Trainee: 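Sharing a structure below in C-alpha cells format, with a few things to ask.
We name chains A, B, ... by the order of the sequence lines, and we start the count at 1 in each one. Source: prediction; values computed, not measured.
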2 protein chains.
Amino acid sequence: MESPTGLSTALRRGTLEFCVLALLENGELYSLELVQRLGSEQTLTTSEGTLYPLLSRLRRAGWVTTTWQEAPNGPPRRYYTLAASGKAALGHFRAEWVAFRDTVDRLVGTDPK
Amino acid sequence: MESPTGLSTALRRGTLEFCVLALLENGELYSLELVQRLGSEQTLTTSEGTLYPLLSRLRRAGWVTTTWQEAPNGPPRRYYTLAASGKAALGHFRAEWVAFRDTVDRLVGTDPK
DNA sequence: TCGACGTCCCTTGTGAGGCAAGGTACTGTG
DNA sequence: CACAGTACCTTGCCTCACAAGGGACGTCGA
C-alpha cells in the first residue's frame, strides 16, 4: 500500500479492462500489442499475467471476439475485436467513469475547473 | 462484472481510502459519520463492513490517529484525525490521481477539454 | 423489572482481480 | 542441433470491497 507503484496498481482496478476496450475501438489488436500500448501510458503499465486473464474475461462476457491470424514470423496471433455488446459496455463505463471522476475530484480537491 | 453496481465497486478500489483522508482534512469524524458522508456521494456509497477494515489499515499505517469521546446518547465514539503522514500520503495520491485520471480520459475519450 | 430498540464498535468468509513467475509451442538463425 | 525470439496461457499469492453476523451499552415503554 505504501509503495508508490502499489498506488497506481489499485487505481487500475476496474478501469483497465475498459481502457482495453477503448483501444480496440480503433481496430483489432493482439495481446502483446495491447501490453505495449498500455505500457506506453505511464499509469497503465501492466504485464501479460494481468492481461491474459483479463482478455479471457472479456471474451467470456462476449464483449470481444477473436480470430487467429498468421504472423509474418513467429507463432500465430489471436486478434481481439470489439463486439457490439462490448461497445455498449464501454458506453456504460464512460457515464459511470465521468460521475466517479467528478466525485473524487471534488472530494480530494483536484477539480480542474 | 456485468451488474451496474459492480462497476462502481471496482472503481472505488484504491480511491476510497484517500477520499476518507480528504474528508478528515476538514476535521475529525467517527466511523458511522464517514459512512454517511460517503453515502451521500452517489458513486462512493459503502458499508460498515468496508469501512472498518479500511480505517484499521489507515490507523496501522499511521495515517490517522484516534481518540475515544463520549457521545450525548449511546456508546462512546472513536474519532479519527488526519496525521501528518496521512496528509503527505494524500498529497502523493493527488498527483497520482491527476495523472491517472487524465490518461483514462484521453484513452476512453471522456476528456472534458 | 424487563424486553425491544437504537447506536456504536468490530470480525469472518467469500469472491474478484492484479501480478510475478513459470510453462508450452512454433519459428527462425548460426 | 542448440538457442533465442515471439506468441500463447496458467498457477498461486495477496489485497480489498462487501454482506452477514455478533457484542456492548444505553433509553424507553409496557
Side-chain angles (χ1 to χ4, degrees), chain A residues 1-20 28-39 41 43-61 63-64 66-80 93 100, chain B residues 1-20 28-36 38-39 41 43-61 63-64 66-80 100:
Chain A
M1 182 204 274
E2 47 264 14
S3 73
T5 55
L7 210 165
S8 51
T9 289
L11 283 177
R12 271 192 281 279
R13 287 197 168 243
T15 56
L16 195 55
E17 54 191 292
F18 294 100
C19 290
V20 167
E28 60 182 11
L29 295 169
Y30 69 100
S31 314
L32 296 188
E33 217 167 1
L34 279 164
V35 172
Q36 272 188 330
R37 294 286 189 95
L38 293 169
E41 310 291 342
T43 59
L44 288 179
T45 306
T46 191
S47 68
E48 301 178 40
T50 300
L51 207 56
Y52 278 106
L54 188 154
L55 289 169
S56 295
R57 267 177 275 139
L58 296 183
R59 198 160 21 120
R60 231 177 301 130
W63 290 354
V64 298
T66 65
T67 58
W68 286 96
Q69 294 180 28
E70 293 291 327
N73 49 355
R77 300 163 175 171
R78 193 205 280 272
Y79 277 85
Y80 293 82
F93 171 77
F100 173 75
Chain B
M1 179 202 277
E2 46 264 16
S3 74
T5 54
L7 209 166
S8 51
T9 289
L11 282 178
R12 270 192 282 278
R13 287 197 166 245
T15 56
L16 194 55
E17 53 189 295
F18 294 100
C19 291
V20 167
E28 60 182 11
L29 296 169
Y30 69 100
S31 316
L32 295 187
E33 218 167 0
L34 278 165
V35 171
Q36 273 188 329
L38 293 170
E41 309 290 342
T43 59
L44 289 179
T45 305
T46 191
S47 68
E48 301 178 40
T50 299
L51 208 56
Y52 277 108
L54 188 154
L55 289 170
S56 295
R57 267 177 275 138
L58 296 183
R59 198 160 19 119
R60 230 177 304 131
W63 291 354
V64 298
T66 67
T67 58
W68 286 95
Q69 295 180 28
E70 292 294 326
N73 49 354
R77 300 164 176 169
R78 194 207 277 273
Y79 276 86
Y80 293 82
F100 172 76

Trainee: Roughly how many Å is it from CZ in B:Arg57 to C1' in D:dT15, rounded to a whole number?
Mentor: 8 Å
Trainee: Does A:Ser31 make a side-chain N or O approach to OP1 or OP2 of D:dC8 shorter than 4.0 Å?
Mentor: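 Checking A:Ser31 against D:dC8: at least one side-chain N or O falls below 4.0 Å of OP1 or OP2.
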Trainee: Are A:Leu29 and A:Val20 side-chain neighbours, meaning at least one heavy-atom pair lies under 4.5 Å?
Mentor: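 Of all side-chain heavy-atom pairs linking A:Val20 with A:Leu29, none is under 4.5 Å.
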Trainee: How do B:Ser47 and B:Pro76 order along DNA chain D: which one's closest nucleotide is nearer the 5' end?
Mentor: B:Ser47
Trainee: Could you tell me whether the phosphate oxygens of C:dG18, OP1 or OP2, come under 4.0 Å of any side-chain nitrogen or oxygen in A:Thr50?
Mentor: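 Looking at the OP1 and OP2 atoms of C:dG18, neither is under 4.0 Å from any side-chain N or O of A:Thr50.
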Trainee: Mind calculating the distance between CZ (B:Arg60) and C1' (D:dC16) to the nearest angstrom?
Mentor: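 For the pair B:Arg60 CZ and D:dC16 C1', the rounded distance is 12 Å.
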Trainee: Whole angstroms only, please: what is the OH-C1' distance between A:Tyr80 and D:dA7?
Mentor: 11 Å
Trainee: Should the pair A:Phe18 and A:Phe93 be assigned to parallel (<30°), tilted (30 to 60°) or perpendicular (>60°) ring geometry?
Mentor: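 The rings of A:Phe18 and A:Phe93 lie parallel, inter-plane angle below 30°.
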Trainee: Hey, is the side chain of A:Arg12 poking within less than 4.0 Å of OP1 or OP2 on C:dG17, counting only N and O atoms?
Mentor: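 So the side chain of A:Arg12 is outside the cut-off, no N or O lying under 4.0 Å from OP1 or OP2 of C:dG17.
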Trainee: Write down the distance between CD (B:Glu17) and P (D:dC18), rounded to a whole number of angstrom.
Mentor: 13 Å
Trainee: Mapping A:Glu48 and B:Arg13 to their closest nucleotides on DNA chain C, which lands nearer the 5' end?
Mentor: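 Going by which nucleotide is closer to the 5' end, it is B:Arg13.
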Trainee: Categorize B:Tyr79 for me: base, sugar-phosphate, or nothing, with a 4.0 angstrom heavy-atom threshold over every strand shown.
Mentor: nothing
Trainee: For A:Arg59, look at atom CZ and say whether over 12 heavy atoms of other residues, nucleotides or ligands are found less than 6.0 Å away.
Mentor: yes
Trainee: How do A:Thr45 and A:Pro72 order along DNA chain C: which one's closest nucleotide is nearer the 5' end?
Mentor: A:Thr45
Trainee: Quick one: label B:Ser56 by what it contacts on the DNA or RNA (base, sugar-phosphate, nothing), any heavy atom closer than 4.0 Å.
Mentor: nothing
Trainee: Which whole-number value in Å describes the distance from A:Tyr52 OH to D:dT11 P?
Mentor: 16 Å
Trainee: Give the rounded distance in Å between these two atoms: CZ of A:Arg77 and P of D:dT6.
Mentor: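 It is 10 Å, rounded to the nearest whole Å.
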Trainee: Only one of A:Arg78, A:Glu28, A:Arg77 passes side chain to side chain donor-acceptor pair (under 3.5 Å) with A:Gln69; say which it is.
Mentor: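 So, applying the side chain to side chain donor-acceptor pair (under 3.5 Å) to A:Gln69 and each of A:Arg78, A:Glu28, A:Arg77, only A:Glu28 qualifies.
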Trainee: Grab the CG-P distance between A:Leu55 and D:dT10 for me, whole Å please.
Mentor: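 Roughly 12 Å, once rounded to whole Å.
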Trainee: Is the shortest side-chain heavy-atom distance between B:Thr66 and B:Leu55 below 4.5 Å?
Mentor: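 B:Thr66 does not reach B:Leu55 side chain to side chain.
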Trainee: For B:Leu11 and C:dG18, what is the distance between atoms CG and C1' respectively, to the nearest whole Å?
Mentor: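 The distance from CG of B:Leu11 to C1' of C:dG18 comes to 15 Å, rounded to the nearest Å.
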Trainee: For C:dA16, take OP1 and OP2 only and decide whether either is under 4.0 Å from a side-chain N or O of B:Thr9.
Mentor: no
Trainee: Counting heavy atoms from C-beta on, name the nucleotide in D:dC18, D:dC8, C:dC19 closest to the side chain of A:Trp68.
Mentor: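 Minimum distance to the A:Trp68 side chain belongs to D:dC8.
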